[in-house]
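Just so you know, these numbers come straight off a predicted model, no measurement behind them. Here is the naming used below: chain letters follow the sequence lines, and residue numbers restart at 1 for every chain.
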There are 2 protein chains.
Amino acid sequence: MSTRFFDSTAVAAQLRRSPLFSSLSDATLLDMLSHFRRETWKHGRCVTGSESEQCFHVILSGRMKVGRINPETGRMVTLFLLDQGDAFDVISLLDGKPSPVTLDAKDDLELLSTPVEEARRWIEHHPEFNYGFLPYLGRQMHLLADIAGDLALHDTETRLARLILRYVDTDNSHHSLRLIHDLSHEALGEMIGSVRVVVNRQLQHWQREGIIISHRGKLVVQELDALLKKAMHHSHNAAKKPFSGKSKNHY
Amino acid sequence: MSTRFFDSTAVAAQLRRSPLFSSLSDATLLDMLSHFRRETWKHGRCVTGSESEQCFHVILSGRMKVGRINPETGRMVTLFLLDQGDAFDVISLLDGKPSPVTLDAKDDLELLSTPVEEARRWIEHHPEFNYGFLPYLGRQMHLLADIAGDLALHDTETRLARLILRYVDTDNSHHSLRLIHDLSHEALGEMIGSVRVVVNRQLQHWQREGIIISHRGKLVVQELDALLKKAMHHSHNAAKKPFSGKSKNHY
DNA sequence: GATTTAGTGTAACCCAGGTAGCAGAATTTA
DNA sequence: TAAATTCTGCTACCTGGGTTACACTAAATC
């Protein structure tokens, strides 16, 4: 990690594109930047929660994987795959308690960072920050809830289909992937709470069905709507339960 | 659901005990209450996200289960078990997008409610609310991240042990359970992303080991530290992987 | 260009835990 | 108090997907 000076106005302009900061005035933004220092992380750098002092970070460029680890088995889950304009670790910023996160740089990264107390104080003095911050938190919570729901309710096939669909570039004519295009099967496995072998097995299976083309890390979606079907069609036998029976709805 | 007037000062005093509102001034609190209406829900009332208009709720008394459902299989997960002083649906309050939540009243409930736009506007005018709100969001996110992590990384035995430990009343001499004491095995299953049979199987197993006493919904923890061991000792065979190998940590 | 390292493709194995089903206790409704 | 409904306890069964292992390819590193 290296720390150095930086061109505040340039960085400010860069941050403007992120919804977190887009609504801030020039003055507020520059004031904020004066409290941050710049850092760079090399691709592959991996930090487990305990060993990092509590800092709030903003990503200027590169991707950061935020996840959890089971130290007994060595297995990991990815909770967030953050991109430029994203911030972490938001959770410990909010509640002060350190969370047992695992950070893993998926690229060379440029970051801004500041101690959480500093960030918290700054937010307190600049309530207009919340205009972008609260919706951002909402998106994060939404994502977490989705992950938890998926893990509990859907099988690996469904989860993988959903993962891919979440990142397909529908604008593009040949549906390529944003953000996760170059991830290994291992990394994809972590994103759906599973493992390498399962991801590979599933991709090969879909390939034989003609839904995708997958070879050596290249992944192209061939039949988008077929994949969409897989993303909902979890249970081998849908429409079994006629009615929940639980919904008495008495009041 | 019934709507009626209520004694603002009494309710204000009641809310004061919740960390969400404890730091608000009398004036702010009363102003807030003037925007809310009172509701009551009968135990068992169950609402799926789509059918409720977007409202922000605060619980005055009773428990509310917030979860997700897989309509194909009928299975459900519990994401939050909310108590008095808690608020929902926070997520759609923050990001405006409706989340596919399932609400299920586990008791007769007293609530305050107001349309999300109203709540959002009120928050914007009362930045001091964030003093309690942001830490509250932090706790919620923390919880969600824990659930997702547990689901992906731990087996059902571990998850159930953790659930119980999260709610044991350590003050009490005979370790009884807070909040979940009267839940059915079905409901416990939903809280760990599993099903009734598995919960029962596990409880009986622990009973034979002398760790708990469980019969017909009564559940008493006998050996607290044995349960603690189960809560970490997930993998049948711990300490297998000597070192992650992934942590190159070059920089 | 040779060696090491990281990722991919596949196959054999196996078990945690989910599905289905039933009987008896407890509680609610009629 | 009888009938209906909801819970619990238990069993038998089966499969999704995790573990392990190995050969092969591509890409770094020497």
By side-chain contact (heavy atoms from CB on, under 4.5 Å) - contacts of A/R196 (at least two apart): A/H185, A/E186
Spacing between A/E186 atom CD and D/dT20 atom P, to the nearest angstrom: 13 Å
Ring geometry between B/F88 and B/H57 (parallel below 30°, tilted from 30 to 60°, perpendicular above 60°): parallel
Inter-axis angle, terminal five-pair segments of the helix from C/dG1-D/dC30 to C/dA30-D/dT1 [nearest 10°]: 50°
Any residue meeting side-chain contact (heavy atoms from CB on, under 4.5 Å) with A/S194, in chain and number order, not counting sequence neighbours: A/T156, A/R159, A/I192, A/V198
5′-ward residue of the pair B/N200/A/T156 relative to DNA chain D: B/N200
B/L151 CG to C/dG18 P, straight-line distance once rounded to whole Å: 10 Å
Length of the NE2-P vector between B/H205 and D/dC10, whole Å: 13 Å
Whole-Å distance separating the NE2 atom of B/H43 from the P atom of D/dT5: 18 Å
Position toward the 5' end of DNA chain D (nearest nucleotide), B/G217 or A/G193: B/G217
Partner residues of A/D89 under the side-chain contact (heavy atoms from CB on, under 4.5 Å) criterion, sequence neighbours left out: A/I91, A/S92, A/S99, A/V101
Base-contact (B) and sugar-phosphate-only (S) positions in nucleotides 21-28 of chain D, heavy-atom cut-off under 4.0 Å, - elsewhere: ----BS--
Interatomic distance where CG belongs to B/L188 and C1' belongs to C/dG17 [whole Å]: 17 Å
Atom-to-atom span, CH2 of B/W206 to P of D/dG9 - whole angstrom: 14 Å
Set of residues satisfying ring pair (Phe, Tyr, Trp, His ring centres under 6.0 Å) with respect to B/F80, sequence neighbours excluded: none
Mind listing the side-chain donor-acceptor pairs of residues 218-226 of chain A below 3.5 Å, one per line with the distance, residues two or more places apart or on another chain?
none

Selection from C/dT8, D/dA12, C/dA12 that lies nearest to any side-chain heavy atom of A/R201: C/dA12
Closest to side chain of A/D155, choosing from D/dG18, D/dG16, D/dT8: D/dG16
Along DNA chain C (nearest heavy atom to each residue), the more 5'-positioned of A/Q204 and B/Q202: A/Q204
B/I192 CD1 to C/dA16 P, straight-line distance once rounded to whole Å: 15 Å
D/dT6 phosphate, OP1 or OP2, under 4.0 Å from B/S184 side-chain N/O: no
Pair A/M64-A/K106, side-chain contact (heavy atoms from CB on, under 4.5 Å): steps then yes or no: CA-CA 6 Å; A/M64 175 72 89; A/K106 304 304 284 185; over 6 Å; no
With B/D182 via salt bridge (Lys or Arg N to Asp or Glu O under 4.0 Å) - residues at least two apart: B/R63
N/O donor-acceptor pair, side chain A/R75 with base D/dG18, under 3.5 angstrom: no
Salt bridge (Lys or Arg N to Asp or Glu O under 4.0 Å) contacts in which one or both residues fall within residues 204-214 of chain B, not counting sequence neighbours: B/E209-B/K230
Salt bridge (charged side-chain N to carboxylate O under 4.0 Å, His left out) partner of A/K65, chosen from A/D104, A/D83, A/D107, A/D86: A/D104
Atom-pair distance (CG on B/D182; P on C/dT27), nearest Å: 13 Å
